[in-house]
Amino acid sequence: MKVLLVGSELEENLAIRYLASALEGAGHRAELAAFSSTNDAGQVLERARGFSPDVIGLSMTFQRRAEEFGDLAGQLRAGGFGGHLTVGGHFPTFAHREVLERYSSIDSVVRHEGEVTLVELCDRLAGRAPLDDVRGLVHRRADGSVHAAAPRPLASDLDAIAFPKRVGDPQLHLGIPAAFLVGTRGCYGHCTFCCINAYIADAGGERYRARSADNVADEVAQVRRERDARMLVFHDDDFFTRDAQRDLARVTRLRDAFRRRGVNDVALVLKARPDDLDAEVFRVLREIGLLRIYIGIEAGSSQGLKTLGRGVDVAANQRALDFLRAVDVYACFNMLIFDPETRIASLRESLGFLKRNADVPMNFCRTEIYPGTPLMRKLEREGRLVGDVFGWDYEISDPAAERAFRVFARTFLDRNFRCDGLMNSNLSLGYYWHLLRQFHPKAMSPSLHARTLETIRQVNLDSVARMSEIVEFAESPRSLDPAAFEDFTQIVLEEVERANRKLEPRVAEVSQAISNAVRGVARPRPLPRWGAAAAAAIALTPLACDPLAPPPPDPLPPPHMREQHQGPRYDDPDGGQPLEIQPKPDASEFAQPPPDPVPPMDPLPPPTSTNTGRRPPPPPPPDPLPPPTVKKK
């Protein structure tokens, strides 16, 4: 059968690429189409008309875009598509009945991992066989009723899964071709806001599965040989296991497998939890070429870490950033500064954490509620969910913290959530500097280093200062007066916009200076063969930007330069404009962790960015931040 797979293309969409390989391995024909925003709907319809598929599969991974994919299904039907239309991803895995009830254009939902289920669905459709016993499938019967088959257990042997289908030109990160990979599936964490472990428990199977070192190295050698990829971005939910000896044995096997295949000039981007970090493990990773760690800080307050079920304390988060500085690895992070139990005291504690680490590129937002998570069940039990499964909302239990969030949602919307907004551009800036240092060391200069670090700090400290003003106002009696609240919000919005107009050009200028420095270098140097090739990182960006615009940022911690690189030190957390943030010691206000913490799970393989022109698009945003939602009064 002919199958058209449609998904977001902020990076290489590994979800649909794995499915395409599985389909082609079973004798079907698969093509891909990008639907990164509603602006792509016309191209998807045109692709469907030209390809005339028997089946269309929509990768509805992100809850915040589920309705856009549902509407696209309706447009495909209106455009004449009469075949089978199925959807898959983390969101419909949990909300399959709601999806099928709302969108009559959709015929079925492939739950959990789809490599086997989608192939069996297409085989059955080709043979006009019944679908009721296809494990992992929920489908609409001829009489309109919805039938859910038993879940399909997760794959136990990841080496048996075909490599993802690579199409289009690779993304270029400051001129370096990149490839996106997944070396493991699953996570040992039990975070209350994440659906990864709920996803695993619902399907059945091992919580954490890893590919063999040889299998990963074979794919890396392939993308290095066929696509010239040197930036290897691993989108594992957690690359590590929190067992240092086990991790050391694994990364050592990986290093040796790379060596046997002659892969010695690549750079790695990985994700880690604060309690994953180990000096010996990182020594080996640096020999391979570790470039960046996206560190899961998530919260900077004791209350926030408890509510989110992170299993670490603030000191552990700080030690993680200090460790990455000490081993000279670029880090970046995102912080869920607001959650359902946020207090004014915890906001002050979080802002203090951000101020102490102002040298690290980051972004911050509110904790959103996803189906299947312990946090969703907690709020549901308490009657606090507002809206529906396509976009839950809630009020923070502390009225003052809720008022602070409502001001933040209006005043920081552009700064934090626009793909090329100030915070994301700041993340990109940190990433660019480390790419320059990693691949173009002769183009570096002490002055450019100093400008980069100073700009990152200025942006972060400006955000901390303005958020501190919001917190102080939200706690004051004035914030209870609707007129005063509106006046204050409008004033802060205007001040933030003025600051954006001042700081965005500064970030752009330094980014351009890095780009100009690269142009002066004929070719990137090969990394030292298994030497200390670390340092640098990728930024975490939200939405895809104009391909011609400077690459967007990614909320991860900032770069930390090696001793031999000169430039002003930024050890003093009070450097720059001093911000007097006095956290209130109020441990009694800290929320207790929600009951029944079912481990959450991570969506299917990451988003991707398609190349529609001659020039590949810039690095896209890995873990998109959903814009804040504020209930209409």
Side-chain angles (χ1 to χ4, degrees), residues 1-9 13 15-16 19-20 23 28-111 114 117-132 134 136-149 371 388-391 604 607 610 612:
M1 302 195 83
K2 295 165 65 176
V3 184
L4 180 64
L5 299 171
V6 181
S8 178
E9 285 287 326
N13 188 321
I16 59 177
L19 296 175
L23 287 164
H28 301 286
R29 181 180 170 192
E31 290 196 5
L32 311 181
F35 185 60
S36 301
S37 74
T38 53
N39 294 332
D40 295 329
Q43 295 179 19
V44 174
L45 295 174
E46 183 178 346
R47 190 68 175 277
R49 284 192 292 268
F51 183 45
S52 299
D54 304 294
V55 177
I56 293 180
L58 305 181
S59 181
M60 193 187 276
T61 297
F62 301 116
Q63 175 179 334
R64 65 188 176 84
R65 293 200 61 209
E67 291 176 315
E68 295 177 6
F69 277 89
D71 292 341
L72 177 64
Q75 294 177 54
L76 287 163
R77 293 297 189 200
F81 176 67
H84 190 94
L85 207 160
T86 188
V87 301
H90 277 57
F91 174 70
T93 285
F94 290 104
H96 47 87
R97 290 194 178 274
E98 292 88 342
V99 167
L100 291 173
E101 288 170 2
R102 178 173 293 194
Y103 297 105
S104 59
S105 300
I106 297 173
D107 297 308
S108 67
V109 173
V110 173
R111 304 184 68 214
T117 303
L118 182 59
V119 168
E120 187 172 345
L121 169 63
C122 291
D123 289 345
R124 295 289 186 94
L125 292 172
R128 300 182 180 276
L131 303 178
D132 280 4
V134 177
L137 187 72
V138 181
H139 75 285
R140 196 191 312 278
R141 288 170 164 162
D143 63 2
S145 63
V146 173
H147 174 75
D388 61 23
V389 71
F390 289 90
L604 300 179
T610 25
T612 54

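One-based numbering along the sequence shown.
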Query raised in the report: Are E67 and R65 close enough for a salt bridge, meaning some N to O gap below 4.0 Å?
Result: no

**Report entry** Closest approach of G136 to A149 (non-hydrogen atoms, all atoms of both residues)
**Finding:** N-CB, 4.5 Å

Requested in this report: For E98, enumerate each residue passing the side-chain hydrogen bond (donor to acceptor under 3.5 Å, both in side chains) test, keeping only those at least two apart in sequence or located in another chain.
Outcome: none

**Report entry** Closest heavy-atom pair and its distance - A20, L32
**Finding:** CB-CD2, 4.0 Å

Query - Inter-residue atom distance S105.OG - L72.CG, 0.5 Å rounding - result: 10.0 Å

Report task. Would you please name every residue forming a side chain to side chain contact (heavy atoms under 4.5 Å, CB included) with R124, sequence neighbours left out? Result -> E120, A129, L131, D133, V134

Query raised in the report: With sequence neighbours excluded, what pairs up with T86 under the side-chain hydrogen bond (donor to acceptor under 3.5 Å, both in side chains) test?
Result: S108

Query - Atom of V6, atom of I16 and distance for their closest heavy-atom approach - result: O-CG2, 4.2 Å

Query raised in the report: Rounded to the nearest 0.5 Å, how far does CG of L58 lie from CD1 of I106?
Result: 6.5 Å

Report task. Kindly write out the residues that satisfy side-chain hydrogen bond (donor to acceptor under 3.5 Å, both in side chains) with H96, not counting sequence neighbours, or none if the list is empty. Result -> none

Requested in this report: Evaluate the side-chain proximity of F390 to R102: yes if any heavy-atom separation is below 4.5 Å, no if none is.
Outcome: yes

Query - Reported CZ-to-CZ distance for the pair F91 and F69, which is rounded to 0.5 angstrom - result: 12.0 Å

**Report entry** N-O pairing of R49 and E46 below 4.0 Å
**Finding:** no

Requested in this report: For residues V87 and P92, report the shortest heavy-atom separation together with the two atoms involved.
Outcome: CG2-CB, 4.1 Å

Query raised in the report: Given H84, which of I56, L121, D54 fulfils the side-chain contact (heavy atoms from CB on, under 4.5 Å) condition?
Result: L121

Query raised in the report: Which pairs pass salt bridge (charged side-chain N to carboxylate O under 4.0 Å, His left out) with one or both residues in residues 83-96, sequence neighbours excluded?
Result: none

**Report entry** For V389 against A95, the heavy-atom pair lying closest together
**Finding:** CG2-CB, 3.8 Å

Query raised in the report: Is any side-chain heavy atom of R111 closer than 4.5 Å to a side-chain heavy atom of L137?
Result: no

Report task. For R77, check side-chain hydrogen bond (donor to acceptor under 3.5 Å, both in side chains) against everything at least two apart and list the hits. Result -> D107

**Report entry** Beyond-backbone contact of H28 with D123, side-chain heavy atoms, under 4.5 angstrom
**Finding:** yes

Requested in this report: For the residue pair R29 and M1, establish whether any side-chain heavy-atom pair is separated by less than 4.5 Å.
Outcome: no

**Report entry** Cationic tip of R64 above F62 ring, under 6.0 Å, 45° of axis
**Finding:** yes

